[in-house]
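Reviewing the structure listed below.
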Amino acid sequence: MLEIQRIRTERDVIIASLAKRNIHVENVIDEIIELDQQWRSNKKELEDISAELNQIARKIGELFQSGQQAAAAELKEKNQLLKTQETTLKSKVEALDAEITSLLYTIPNVPNAEVPHGKEPADNVEVSSSGTIPSFNFEALPHWDLAKKYELIDFELGVKVTGAGFPFYRGKGAKLQRALINFFLEEATQAGYEEFMAPLLVNEASGIGTGQLPDKEGQMYHSTADDLYLIPTAEVPLTNIYRDVLLPNADFSIKLTGYTPCFRREAGSYGKDVRGLNRLHQFDKVEIVRIEHPDNSAAALDEMVQHVAALLDKLELPYRILRLCGGDMGFASAMTYDFEVYSAAQDKWLEVSSVSRFDTFQANRLKLRFKDDNKKTHLCHTLNGSALALPRIVASLLENNQTENGINIPSVLQAYTGFKSI
RNA sequence: GGUGGGAUGGGUGAGUGGCUGAAACCAACAGUUUGCUAAACUGUCGUACGGGUAACUGUACCGCGAGUUCGAAUCUCGCUCCCACCGCCA
């Protein structure tokens, strides 16, 4: 959520920047500014009346103490009148406040100056690419066929026990999952991220804190009996550790990592690119999260991008890095890099990681702040990225490393899997 | 699931109707002292929002929401959460 102060002072910049997302918010912004002015003048009036009421109440107390009952009764009467004024003003102020907040919720984050214009994935800008795309002198199989051939993943069994999008991993397929998780966590630890094992269910306040609620309610599994939500990413529990936190000084850099299964209903995305591991309701992911001083968030984003790139280098996967255009960025993001890995047998790029900075957008909802040297409070910046999400990594590992007689495991993973090939 | 207890500022914790935005202690920060550290002493020390160039000032907040009252941290009602013990259980 954008800060109202920022809308007051940076109206034109905000409107111009949001145009990069291909949305035009001028009317909404002006409506907010208008409502805010009303809110402020009503609030001032309300506070003045409250101040008077407080004074009178004190006076009445004094009169009672000194036994002047008649004078006190007179003041009481005056109070009644002010009291009704206070009540109406109060509900007016509250209504304005609610209206402003609900409008603020509809405005996405302001894209960073470096974010390119554009409205669809084709407008994303390729920043770099790395690795070589394999070619095969036999007929390469897509990962769902390889998974079946080598008994690594059983999708049908998942359908039987749960439903589509909840596969079983078995044998070497299961061990490969565990190896990747351990590899990613180990790399993150070495890069200075503290490892957490987080709850997989969160309460409503946490969902609001990171922005899944109320906007994207239908995307999370909801356990209604206890009113808890299954996490769609470790970002939710990890970032919410810092909800309602005021860091005591400006000298901080918080780096968290965690592996969790992720649960997504993926409502409305049926039919397209959902085959095999390409889109699941439950999948595994190692997430990295950072809480940073505003001055440091640009550097932190670069570091995170380097971290993810290094993981893909070590896994010897061909990938490219895209800077997302305004139209393709997530609601809360100020700037996002996507990583795509080439999946040889499907002959297409698969998104395996998304690394974003949110600036103060999440921190504002989370009430995550720090005190500077002058003891003034400011909102922190938050960032996060997948490092990495497993299914599409597995898909491309299987597809790219296949031979006619088996599948080779990248050397860096062999210590984790305990086998060199499948 | 049952019974009982509780929720106050960074922490412990006092506070049963006005003198309380809140004692005291601890922690933290600044200063004095000091070869260094420590100790001692002095001072500062909640958050949000509004008004004001600023100094400053107003309002709200003692888990959350209503209510009683001229006036509520304090009284009443509802809710949430936490703790302890019992039951069940990995």
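So you know, we letter chains A, B, ... as the sequences are listed, proteins then strands, and number each from 1. Every heavy atom of this structure was used, including side-chain atoms; hydrogens, water molecules and symmetry mates were not.
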For nucleotides [N] and [M], find the distance between their [atom1] atoms and express it as a whole number of Å.
{"N": "U8(B)", "M": "G13(B)", "atom1": "C1'", "result": "9 Å"}
{"N": "C62(B)", "M": "G4(B)", "atom1": "C1'", "result": "24 Å"}
{"N": "A72(B)", "M": "C19(B)", "atom1": "P", "result": "11 Å"}
{"N": "G5(B)", "M": "U57(B)", "atom1": "C1'", "result": "43 Å"}
{"N": "G78(B)", "M": "C85(B)", "atom1": "P", "result": "28 Å"}
{"N": "A39(B)", "M": "C29(B)", "atom1": "P", "result": "12 Å"}
{"N": "A60(B)", "M": "G9(B)", "atom1": "C1'", "result": "16 Å"}
{"N": "G6(B)", "M": "U76(B)", "atom1": "P", "result": "13 Å"}

Without placing hydrogens or testing angles, list every side-chain donor-acceptor pair under 3.5 Å for residues 70-83 of chain A, not counting sequence neighbours.
none

For the residue pair [X] and [Y], what are the closest heavy atoms and their distance?
{"X": "L141(A)", "Y": "E399(A)", "result": "O-CG, 3.8 Å"}
{"X": "P232(A)", "Y": "C262(A)", "result": "O-CB, 3.2 Å"}
{"X": "S386(A)", "Y": "V308(A)", "result": "O-CG2, 3.6 Å"}
{"X": "C325(A)", "Y": "N124(A)", "result": "N-OD1, 2.8 Å"}
{"X": "R243(A)", "Y": "S206(A)", "result": "NH2-OG, 2.9 Å"}

Ring-face cation contact, F419(A) with K172(A), 6.0 Å cut, 45° max: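 Yes, a cation-pi geometry.
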Nucleotide of C70(B), G71(B), U59(B) approaching N54(A) most closely (side-chain heavy atoms):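 Of C70(B), G71(B), U59(B), U59(B) is nearest to the side chain of N54(A).
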Ionic contact status for R11(A) with D30(A), cut-off 4.0 Å: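 Looking at R11(A) together with D30(A), the answer is yes, because their closest N to O distance falls below 4.0 Å.
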Basic-acidic side-chain contact under 4.0 Å: D36(A), R40(A):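 Here D36(A) pairs with R40(A) in a salt bridge, since their nearest N and O are under 4.0 Å apart.
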Which nucleotide, in any strand shown, forms a Watson-Crick or G-U wobble pair with [N], with both distances under 3.5 Å?
{"N": "G17(B)", "answer": "none"}
{"N": "U53(B)", "answer": "none"}
{"N": "G4(B)", "answer": "C83(B)"}
{"N": "U32(B)", "answer": "A40(B)"}
{"N": "A60(B)", "answer": "U47(B)"}
{"N": "A22(B)", "answer": "none"}
{"N": "A66(B)", "answer": "U76(B)"}

Partners passing side-chain hydrogen bond (donor to acceptor under 3.5 Å, both in side chains) against S297(A) (at least two apart in sequence or in another chain):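 R357(A), H381(A).
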Taking atom [atom2] of [N] as reference, at what distance in whole Å does atom [atom1] of [X] sit?
{"X": "L53(A)", "N": "G18(B)", "atom1": "CG", "atom2": "C1'", "answer": "15 Å"}
{"X": "L75(A)", "N": "C70(B)", "atom1": "CG", "atom2": "P", "answer": "13 Å"}
{"X": "D244(A)", "N": "G46(B)", "atom1": "CG", "atom2": "C1'", "answer": "14 Å"}
{"X": "N203(A)", "N": "U80(B)", "atom1": "CG", "atom2": "C1'", "answer": "11 Å"}
{"X": "Q80(A)", "N": "U69(B)", "atom1": "CD", "atom2": "C1'", "answer": "10 Å"}

Pairs flagged by side-chain hydrogen bond (donor to acceptor under 3.5 Å, both in side chains) wherever residues 410-422 of chain A is involved - sequence neighbours left out: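 Non-adjacent pairs meeting side-chain hydrogen bond (donor to acceptor under 3.5 Å, both in side chains): zero.
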Pairs flagged by side-chain hydrogen bond (donor to acceptor under 3.5 Å, both in side chains) wherever residues 94-110 of chain A is involved - sequence neighbours left out: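 Counting only pairs at least two positions apart or across chains, no side-chain hydrogen bond (donor to acceptor under 3.5 Å, both in side chains) contact touches residues 94-110 of chain A.
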Interface residues of residues 55-64 of chain A with RNA chain B (non-hydrogen, below 4.0 angstrom):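 Of all residues in residues 55-64 of chain A, the ones placing a heavy atom under 4.0 Å from RNA chain B are A57(A), I60(A), G61(A), F64(A).
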For RNA chain B, the residues among residues 85-106 of chain A that have a non-hydrogen atom under 4.0 Å from it: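 Output list: empty, so none.
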Side-chain heavy-atom pair L228(A), V202(A) within 4.5 angstrom cut-off: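 No; the side chains remain at least 4.5 Å from each other.
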With E303(A) via side chain to side chain contact (heavy atoms under 4.5 Å, CB included) - residues at least two apart: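 For E303(A) the side chain to side chain contact (heavy atoms under 4.5 Å, CB included) partners, ignoring immediate neighbours, are K255(A), R290(A).
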RNA chain B: 5'-proximal contact among L46(A) and K76(A) (nearest heavy atom):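 Residue closer to the 5' terminus by nearest nucleotide: L46(A).
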Residue from L350(A), L388(A), L277(A) passing side chain to side chain contact (heavy atoms under 4.5 Å, CB included) with I393(A):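 Testing each of L350(A), L388(A), L277(A) against I393(A), the sole residue satisfying side chain to side chain contact (heavy atoms under 4.5 Å, CB included) is L388(A).
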Under 3.5 Å side-chain donor-acceptor pair for S50(A) and E86(A):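 Yes, a side-chain donor-acceptor pair sits under 3.5 Å.
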Just the atom pairs and distances: protein N or O near nucleotides 20-22 of chain B's N or O, under 3.5 Å.
none

Pairs where residues 284-305 of chain A contributes a residue and the test ring-ring contact (aromatic ring centres under 6.0 Å, His included) is met, not counting sequence neighbours: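 Qualifying pairs, neighbours excluded: H293(A)-F370(A).
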Of all pairs that satisfy ring-ring contact (aromatic ring centres under 6.0 Å, His included), the ones with a partner from residues 187-220 of chain A, not counting sequence neighbours: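 Of all non-adjacent pairs touching residues 187-220 of chain A, those that pass ring-ring contact (aromatic ring centres under 6.0 Å, His included) are Y193(A)-H307(A).
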Polar pairs (N or O, both sides) under 3.5 Å between protein and nucleotides 72-78 of chain B?
none

Touch class at under 4.0 angstrom, heavy-atom based, for E77(A) against every strand present: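 No contact.
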All N/O contacts under 3.5 Å from nucleotides 48-57 of chain B to the protein, with atom names and distances to one decimal?
from: A48(B); atom 1: OP1; to: R369(A); atom 2: NH1; distance (Å): 2.9
from: A48(B); atom 1: OP1; to: T377(A); atom 2: OG1; distance (Å): 2.7
from: C49(B); atom 1: OP1; to: Q5(A); atom 2: NE2; distance (Å): 3.3
from: G50(B); atom 1: OP1; to: R8(A); atom 2: NH1; distance (Å): 2.8
from: G50(B); atom 1: OP1; to: R8(A); atom 2: NH2; distance (Å): 2.8
from: G51(B); atom 1: OP1; to: R40(A); atom 2: NH1; distance (Å): 3.1

